[in-house]
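On a predicted model such as this, the values are computed, not experimentally measured, just so you know. Numbered from 1 within each chain, the chains take letters A, B, ... in sequence-line order.
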Amino acid sequence: MTSAKTSVMTIVRTESLSRVYNPDTVPVHALRDVSIEIDEGEFTALRGPSGSGKTTLLNMIGGLDKPTEGKVFINDHEISNMKDGARIDFRLHNIGFVFQHYNLIPVFTAAENVAFIMMLQHRNKREIQERTDKLLRQVGLGDRQDARPAQLSGGQQQRVAVARALASEPRFILADEPTANLDTEAAMNLLDIMEKMNREQNITFVFSTHDQRVIDRARRVITMVDGAISQDETQHQS
Amino acid sequence: MKTLITLSWRNIWRHPARSGVLLAAVMAGLWAGVLTVGLVNGLMHQRIDYLIESEITHAQVHHPEFLAEGYSWLYLPDHEAISDWLAQDARVRSFTSRTLTDGMLQSPVKTAGVRIRGIDLTTERQTTNFHENLIVGDYLDTDIRNAIMIGERLASEHNVEIGNRVVLTFEDVENELISASFNIVGLFRSASADYDQRNVFIRSDEFNALLSETAVYHEIGIMLTDQALAGELVDELNAAFPNIHAQTWRQLSPELSMMVELGGVMVVLITVIIMTALAFGILNTMLMALFERMREIGVLISIGMSRGRVFGMIMLEAMMLTMAGAVGGMILATLSINYFKDRGLNLEMFAEGAAQIGWDHIIYPSLAMGEYLAILAVVIFITLVASVYPAYKGIRINPLDAARDA
Ligand SMILES: Nc1ncnc2c1ncn2[C@@H]1O[C@H](COP(=O)(O)OP(=O)(O)O)[C@@H](O)[C@H]1O
Ligand SMILES: [Mg+2]
């Protein structure tokens with residue numbers, strides 16, 4: 001390790017992660033002995049063919065699922081052995097999620113979707129309002145605050161989802177195939193926003209994708225094959 | 001919390017038809033239930049008030065054994081002292097002394113056992129409104145000697161009418177058998193056909209002339225300024241006069257006492273029955289709402305909504321939906337009750353049967369605040385019970401299901 005690297009904080013660290021689905025019937029080894037570190041400020045893509053274990057790995061890092069073997073540390077907290085309730089609370093304060101299907105609350109407006117997570121954090125009303133306003137402007141939806149998800153395009157919904165993920169001031173954001181349902185223009189627009197936040201606010205992003213245009217924009221690309229990491233490279237921005 | 005309420009409320013209206021049907025069902029159920037409770041309640045209060053005001057009064061005083069035995073020699077000791085005591089008590093609105101004994105009424109047709117009630121016309125009229133039951137003739141206030149007022153029903157059974165004579169036979173205070181003839185001056189009809197068959201009224205001074213050398217009284221009926229004072233007044237009377245037995249209307253009439261208690265049980269019972277039927281509707285609606293939102297709830301748990309809050313959210317949704325219907329139904333019922341409160345609901349069709357057992361055929365429904373609250377408590381309780389299962393299902397959702405490809 002270089003001295004330059006140690007000055008940066010490691011946010012995520014996994015130790016020999018394995019995940020076996022259906023161990024009693026037809027075992028599926030979705031993850032095999034995965035050890036990675038993700039540092040603060042990274043803009044990292046997780047790529048690999050369908051079924052290679054990207055979602056499984058993101059679920060482990062996000063504390064949505066427990067490994068069969070191995071450990072997951074977020075800022076030196078081991079989340080892989082936390083109780084369910086503690087893990088939910090940990091997610092609320094430390095991890096932002098963006099899903100492939102946007103998954104906004106349909107009865108809430110854009111602003112309410114963003115504000116809700118802060119309400120769960122018991123923040124005060126004024127702070128919630130100001131932050132919601134700021135975030136929606138950052139994702140270019142300052143004028144669509146009162147729109148319901150159904151009134152927004154896929155790209156706009158995903159931008160609301162990014163704003164929601166950021167609202168809780170998490171340590172990092174996990175996005176599982178965030179652009180899979182978007183057309184090229186919307187996908188690039190979303191990437192622009194994420195990149196800008198990463199650059200200007202040092203927000204850490206880890207996203208899975210098999211879209212080459214998205215992979216091209218990542219600074220670090222981790223390639224998975226059959227549940228294991230086959231390649232881990234840092235690429236220079238073009 | 002406000003956000004959760006907003007969320008729940010909007011979730012309810014995602015399916016206006018489905019929620020609307022449940023809302024309407026709860027509303028209709030509560031309307032019918034509360035109105036029924038109001039009618040039952042009104043009917044019972046009418047019966048209670050009627051019996052208190054026409055005869056029983058708020059409290060009565062007897063010789064300790066009189067009510068069980070009915071003999072004329074079990075008259076009240078200390079009658080004068082008790083009267084003075086009552087006359088000076090501010091809680092006593094009025095009171096009347098009665099001379100009673102069980103005896104036989106004989107007509108040319110047949111003989112029947114009756115209770116002979118010797119009343120004081122002036123004080124009886126001040127204390128009770130039994131005089132309102134007179135349907136023909138005079139309320140004993142005539143110059144005719146040995147006047148008697150009997151039930152219309154008894155008169156027709158004995159085939160006698162006003163102007164006819166009947167013979168009363170009874171034992172005097174010395175245990176001697178006395179017979180005297182009385183002139184029918186009036187016929188009455190109270191709310192109880194049974195009562196009308198078993199009670200006859202004469203003037204107490206004439207009764208006393210036959211019974212005893214000095215005037216004797218077997219009962220004092222007491223009306224108070226407020227019926228709630230009956231308990232304490234009776235206690236004080238019993239303490240002051242150990243030789244007598246004073247009782248409240250509830251002690252005197254187990255029928256009335258039971259009715260008061262039954263009234264309270266009925267409120268809860270009717271509401272429980274209606275709400276239990278509605279509970280299945282609530283359960284069904286909430287399960288449907290839950291199953292179509294599994295993914296959404298999974299997302300909420302993923303982003304950090306605790307399972308406790310998810311549980312609360314589902315319960316809140318059920319509660320708001322049911323309460324909206326319940327409150328709506330209760331408002332409708334209150335309007336209906338208010339409409340009939342003074343006008344009365346005429347059940348003449350069934351009046352013949354009602355009169356037999358001593359009930360009015362016009363019902364004035366009424367419901368007190370406490371009863372509304374009892375109904376609300378039942379609604380809340382059953383809604384909670386009905387939504388526990390959907391809420392439990394909700395918190396068992398695995399957040400991974402949310403992230404999985406649709
Ligand atoms: N819940 C599950 N039960 C059984 N097998 C699963 C489950 N989830 C994923 N798998 C399997 O695990 C492997 C990795 O899946 P996944 O992590 O979803 O890959 P990716 O996201 O890269 O497409 C696949 O073979 C998949 O079929
Ligand atoms: Mg996947």
Practice problem: Inspect the surroundings of CD in A/Glu69 and state if more than 12 heavy atoms from other residues, nucleotides or ligands are less than 6.0 Å away. | Solution: no
Practice problem: Report the relative orientation of the aromatic rings in A/Phe97 and A/Phe99; use parallel for angles under 30°, tilted for 30 to 60°, perpendicular for over 60°. | Solution: parallel
Quiz prompt | Electrostatic pair A/Glu78:A/Lys83 at N-O distance under 4.0 angstrom | solution = no
Quiz item: Between B/Arg293 and B/Phe291, is NZ or CZ placed under 6.0 angstrom from the six-membered ring centre and within 45° of the ring axis?
Solution: no
Quiz item: Under a 4.5 Å heavy-atom cut-off, does chain B meet the side chain of A/Gln121, its backbone, both or neither?
Solution: neither
Quiz item: More than 12 foreign heavy atoms under 6.0 Å from CG of B/Asp226: is that the case here?
Solution: yes
Quiz item: With respect to chain B, which residue among A/Leu92, A/Asp65, A/Asp89, A/Leu58 yields the maximal number of heavy-atom pairs within a distance under 4.5 Å?
Solution: A/Leu92
Practice problem: Sort out for me which of A/Pro106, A/Ala180, A/Gly85, A/Gly63 touches chain B most, counting heavy-atom pairs under 4.5 Å. | Solution: A/Pro106
Quiz item: Side chain, backbone, both or neither: which part of A/Phe108 has a heavy atom under 4.5 Å from chain B?
Solution: both
Self-check item: Interchain contact, A/Ile117 with chain B, by part (heavy-atom threshold 4.5 Å)
Solution: side chain
Exercise. Please state whether the side chain, the backbone, both or neither of A/Arg164 comes within less than 4.5 Å of a heavy atom of chain B.
Key: side chain
